[in-house]
There are 2 protein chains.
Amino acid sequence: MIDKHSPMPIYYQIEEAIKERIDKGEWREGDMIPSEREFSEMYHISRMTVRQAVTNLVSDGYLIRQIGRGTFVARRKIQQKLFGLTSFTEDMKGRGMKPGTRLLDFRTVSASGPIAEQLQIPDGGEMYEIKRVRSADDLPMALEITYLSEDLVRGLTEEDVYGSLYGYVEKELGMTIGYATQELESSVAREAESRTLGIAEGAPLLLIKRFSYLEDETPLEIVYSAYRGDRYKFVVGMHRNRTDSNG
Amino acid sequence: MIDKHSPMPIYYQIEEAIKERIDKGEWREGDMIPSEREFSEMYHISRMTVRQAVTNLVSDGYLIRQIGRGTFVARRKIQQKLFGLTSFTEDMKGRGMKPGTRLLDFRTVSASGPIAEQLQIPDGGEMYEIKRVRSADDLPMALEITYLSEDLVRGLTEEDVYGSLYGYVEKELGMTIGYATQELESSVAREAESRTLGIAEGAPLLLIKRFSYLEDETPLEIVYSAYRGDRYKFVVGMHRNRTDSNG
DNA sequence: TAGTGGTCTAGACCACTTC
DNA sequence: AAGTGGTCTAGACCACTAC
């Protein structure tokens with residue numbers, strides 16, 4: 001089951017093996033899994049390598065360690081997804097809905113002001129401006145405006161933005177997305193939004209502003225979204241930091 | 001600087017030492033910090049111990065590792081807080097505002113229905129129901145209703161809920177908070193909320209439902225909040241999961 | 001007492017980046 | 001070629017939990 005000569009790291013192979021057993025129901029929520037020493041003997045690898053695998057699965061929310069007792073399968077497996085940054089497409093699929101896109105506008109504009117600054121585009125640089133209506137199960141869900149540095153994702157075409165921009169950046173461009181900050185606020189629909197989203201004026205809107213970054217902190221995109229308040233709930237999982245109390 | 005005979009783990013001492021140097025500005029954003037081998041020789045400890053410290057600081061957002069290049073101080077230090085779960089009190093302080101509480105109601109009620117189920121309170125058990133108006137700089141910010149299992153935090157008094165419930169649970173009860181899931185949606189104020197929060201009927205409200213859990217996944221609390229849309233933005237940082245693509 | 005996870009050592013070889 | 005982080009080993013002692 002573990003191939004020591006595979007190019008895949010051993011700890012990664014162990015992670016996959018453990019996750020598979022959990023997914024198959026072989027180990028259920030709350031079950032104790034084999035101890036680190038047992039894994040170590042089972043696969044003929046050192047305990048530190050097992051620990052690396054287990055540590056990763058703990059921080060991914062699959063496992064829980066308890067000193068002196070053992071390591072256990074975490075409950076609420078469904079909620080694990082809530083902790084990860086997702087694209088609209090992934091988000092809707094995760095909710096069991098069919099994501100769709102209507103492209104309103106796709107152009108490059110000269111960068112200036114705070115948007116250019118956030119995207120670290122020098123004076124005179126260009127950026128993509130993409131306006132889309134995102135739908136779920138063929139009904140409008142959100143209005144989105146995305147900005148990207150042209151330099152960073154040069155060659156982006158209209159076809160590329162009908163699906164997941166994150167998917168494109170990761171799979172086609174081979175970049176690694178690191179994190180994003182998001183600001184959410186409550187608002188009400190004005191005339192323009194109500195028409196585009198098919199809701200009444202004054203109906204609740206959830207406004208989201210997102211700044212995405214690559215793993216090395218290169219700014220990737222800015223997204224302004226307006227989600228229909230009657231169809232969309234933003235769901236997020238947050239961990240308590242070890243360092244919070246230090247302020 | 002490093003005390004090998006201290007009860008504090010060595011890796012933790014290194015973490016603190018690195019954070020201090022960053023906070024003091026000795027190492028600035030984007031700077032390369034000493035290599036793992038340099039730390040290892042500097043403190044006369046093994047490289048694996050250094051790695052444990054650095055790994056923790058990377059996942060806390062302080063450092064960034066780049067293969068073949070080195071380890072660097074992360075940019076956007078201010079945004080590090082965004083990734084951690086905070087109480088209302090901590091949240092407001094982080095925004096530079098003075099948190100306050102007006103207690104509307106504090107009682108124990110018999111648990112039943114989905115709330116009892118979520119809090120894992122058996123039939124016939126009791127739970128605390130706490131209604132508070134939370135203020136920032138002496139102006140109403142949110143209306144909150146909190147439910148806690150009486151069994152878990154037995155002996156809670158009215159005085160305890162004027163400040164941070166998280167602080168009380170962690171410092172007084174010695175429990176460790178693990179994580180929470182939160183659902184956010186946009187709504188508009190009705191008569192009751194508009195009166196309590198001092199806003200107009202129909203004004204935007206940000207509704208937040210929070211389920212908190214201890215480290216061992218014991219459900220700690222349920223909180224329903226209604227934040228004033230004109231005063232409050234929810235801000236959150238999210239990391240891209242290694243496991244997202246696997247769905 | 002036996003077993004668990006927590007911490008730590010003193011090495012090793014690898015792929016990668018920089019020069 | 002030299003230096004970096006990534007992976008891995010084969011042990012060790014500790015505090016804690018369960019019995």
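In what follows, chains are A, B, ... by sequence order, proteins preceding strands, each numbered from 1.
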Salt-bridge present (R37(B), E41(B); N to O < 4.0 Å)
no

Looking only at side chains, do T101(B) and R134(B) share a donor and an acceptor under 3.5 Å apart?
yes

For residues Y166(A) and S212(A), is any side-chain donor paired with an opposing acceptor at under 3.5 Å?
yes

Distance under 4.0 Å to a non-hydrogen atom of chain B counts as contact; along DNA chain D, which nucleotides mark the start and end?
dG3(D) to dC8(D)

Donor-acceptor contacts, no H, no angles, side chain residues 3-10 of chain A, under 3.5 Å, sequence neighbours left out:
residue : atom : partner : partner atom : Å
D3(A)   : OD1  : H5(A)   : N            : 2.9
D3(A)   : OD1  : S6(A)   : N            : 3.4
K4(A)   : NZ   : H44(A)  : O            : 2.5
S6(A)   : OG   : M8(A)   : N            : 2.9

Side chains of S164(B) and T89(B): any donor to acceptor distance under 3.5 Å?
no

Ring pair (Phe, Tyr, Trp, His ring centres under 6.0 Å) between Y179(A) and F83(B): does it pass, once the steps are laid out?
CA-CA 10 Å; Y179(A) 66 95; F83(B) 291 85; 5.7 Å; yes

Do T176(A) and R240(B) have side-chain atoms, one donor and one acceptor, less than 3.5 Å apart?
no

Donor-acceptor pairs under 3.5 angstrom involving side-chain atoms of residues 149-160 of chain A: please list them, not counting sequence neighbours.
residue : atom : partner : partner atom : Å
S149(A) : OG   : D151(A) : N            : 3.3
S149(A) : OG   : L152(A) : N            : 3.4
D151(A) : OD1  : R154(A) : NH2          : 2.6
T157(A) : OG1  : E159(A) : N            : 3.4
T157(A) : OG1  : E159(A) : OE1          : 3.4
T157(A) : OG1  : D160(A) : OD2          : 3.0
D160(A) : OD2  : T157(A) : N            : 2.9

Collect all protein-nucleotide pairs involving nucleotides 15-19 of chain C in which both atoms are nitrogen or oxygen and the distance is under 3.5 Å.
residue : atom : partner : partner atom : Å
dT18(C) : OP1  : R69(B)  : NH1          : 3.3

Give every residue pair that meets the salt bridge (Lys or Arg N to Asp or Glu O under 4.0 Å) criterion with at least one member in residues 114-126 of chain A, sequence neighbours excluded.
none

Under-4.0 Å salt bridge between E183(A) and R210(A)
no

Close approaches to DNA chain D from residues 40-53 of chain B, in residue order (heavy atom, under 4.0 Å):
R47(B), M48(B), R51(B)

